[in-house]
Structure formats: structure tokens, C-alpha cells
Amino acid sequence: MRLTFTNKPSFYSGPWGFLAQVVVMTLATLLATWILPGVTIDSVGAAVITAIVIALLNSFIRPILIVLTLPFTIFSMGLFIFIINAFIIMMAAGLVDKFHVNGFGSALLFSLLLTLFNYLLEIPNRITRRPKYKDSPQSPGADSDGFSPYEEISDEE
């Protein structure tokens, strides 16, 4: 028995991946602002701009903040990441005029809801990107389970 899998570029890689991320982040932002009273957004267009700003801040600023605050993150067993996420939300509220956050607590709750909604909305994307495995014919000399002494995994179909 030989397992093979492919690494074909998916629809969600490249610019389509960023577009899919922005769409999911926009939906999550709209849902979170609808639930939380301390966070307001004026329009759907402002939600799209907010999603783009948060995605860019998460891509460029968040890794720098994580490296700079690594001792605090280790000491708090990773809980300081929530503070970094809330800080990113506060930065996005400062950059986007039509996105308002009333305080740090609201930003922390908003970031938790945003993370939850992003996870739930990304489930279909993760299912479609899951690697596909297929069985190959049983090789000679295989044992009763179908494994031979040397198994080869290839990247080809």
C-alpha cells in the first residue's frame, strides 16, 4: 500500500486567498459589531475597509509585536496574545474613521468574537484545502495490513 498526495495550488492561494480572507473578515466584523454594544461601524463599505486594515495589521504589525513581547507571552502562557489582538483592533479603530471602539475591554471582546467568527466562517475553506489521499495497489511482499517493509510517499498523482 502506497500513499500519495498532491500539492496543487488551490483557488485560495495568492490574491484569491487575500480576497477570501477579506470577505470572511468583513462578515465576521459585521457580526461582531452587531453583537457588541461598545463597537460601532457606519456602513458595509467601512466594514470592508476595516477588514482590509485588520488583515494588513495582522500580517505586518502583529508578528513584530509578538516578537517584542515574547517574554510576557511566555510568562502568561500565551494569554498576552489576546492583549496584542485587542491592541491591533484599537489601531484599526484609529486608522478607520467609521469604525469606533469605546475602550480596551470592548476591543478585547471584539477580537475574541472576531477570532471565533473567523474560525467558523473558514471551516468550508479548510475542508476544500484538505489534502486528498488515495490508496495505490498493494505492493508485492506486503504484510496482512498492506504495508511493505519500505513505503514510499510521492508528491505525484
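This structure is a prediction, so every number in the text was calculated from the model and none was measured.
- Residue pairs meeting the side-chain hydrogen bond (donor to acceptor under 3.5 Å, both in side chains) criterion with at least one partner in residues 61-90, sequence neighbours excluded, are Arg62-Asn85.
- Here side-chain hydrogen bond (donor to acceptor under 3.5 Å, both in side chains) pairs that include residues 33-61, with residues two or more places apart or in two chains, number zero.
- Using a 4.5 Å cut-off between side-chain heavy atoms of Ile, Leu, Val, Met, Phe, Trp and Tyr, Leu108 falls into a hydrophobic cluster with Leu79, Phe82, Leu112.
- The distance from the CG atom of Leu113 to the CG atom of Leu36 is 5.0 Å, given to the nearest 0.5 Å.
- Within the structure, every pair that satisfies the ring pair (Phe, Tyr, Trp, His ring centres under 6.0 Å) test and touches residues 46-73, not counting sequence neighbours, is listed here: Phe72-Phe80.
- Distance check, rounded to the nearest 0.5 Å: CG of Leu19 to CD1 of Ile52 gives 9.0 Å.
- Listed by first and then second residue, the ring pair (Phe, Tyr, Trp, His ring centres under 6.0 Å) pairs that reach into residues 90-110 are Phe99-Phe110, sequence neighbours excluded.
- For the atom pair CG of Leu120 and OG1 of Thr115, the computed distance is 11.0 Å after rounding to the nearest 0.5 Å.
- Hydrophobic cluster membership differs between Met25 and Leu27, with clusters built from Ile, Leu, Val, Met, Phe, Trp and Tyr side chains linked at under 4.5 angstrom.
- For the side-chain contact (heavy atoms from CB on, under 4.5 Å) test, residues two or more places apart in sequence or in another chain that qualify with Thr26 are Val22, Leu30, Ala47, Val48, Ala51.
- Under the side-chain contact (heavy atoms from CB on, under 4.5 Å) criterion, Ser106 pairs with Val39, Val101, Asn102, not counting sequence neighbours.
- Leu68 meets the side-chain contact (heavy atoms from CB on, under 4.5 Å) test with Ile64; sequence neighbours excluded.
- In terms of heavy-atom proximity, Met90 sits nearest to Ala107 at SD-CB, 3.6 Å.
- Other members of a hydrophobic cluster containing Val67 are absent, since no ILVMFWY side chain comes under 4.5 Å of it, directly or through relayed contacts.
- Applying the side-chain contact (heavy atoms from CB on, under 4.5 Å) rule to Leu57 yields the partners Val53, Ile61, Ile88, Met91, Ala92, Leu95; only residues at least two apart in sequence or on another chain are considered.
- Taken to the nearest 0.5 Å, the CD1 atom of Ile83 stands 8.5 Å off from the OG atom of Ser111.
- Residues passing the ring pair (Phe, Tyr, Trp, His ring centres under 6.0 Å) test with Phe87: none are found, sequence neighbours excluded.
- No single ILVMFWY cluster, assembled from side-chain heavy atoms under 4.5 Å apart, contains both Val96 and Val23.
- Side-chain heavy atoms closer than 4.5 Å link hydrophobic residues (I, L, V, M, F, W, Y) into clusters, and following such links, even through other members, never connects Ile89 to Val24.
- Neither Ile81 nor Phe75 shares a network with the other; the hydrophobic side chains, linked directly or stepwise wherever heavy atoms of I, L, V, M, F, W or Y lie under 4.5 Å apart, form separate groups for each.
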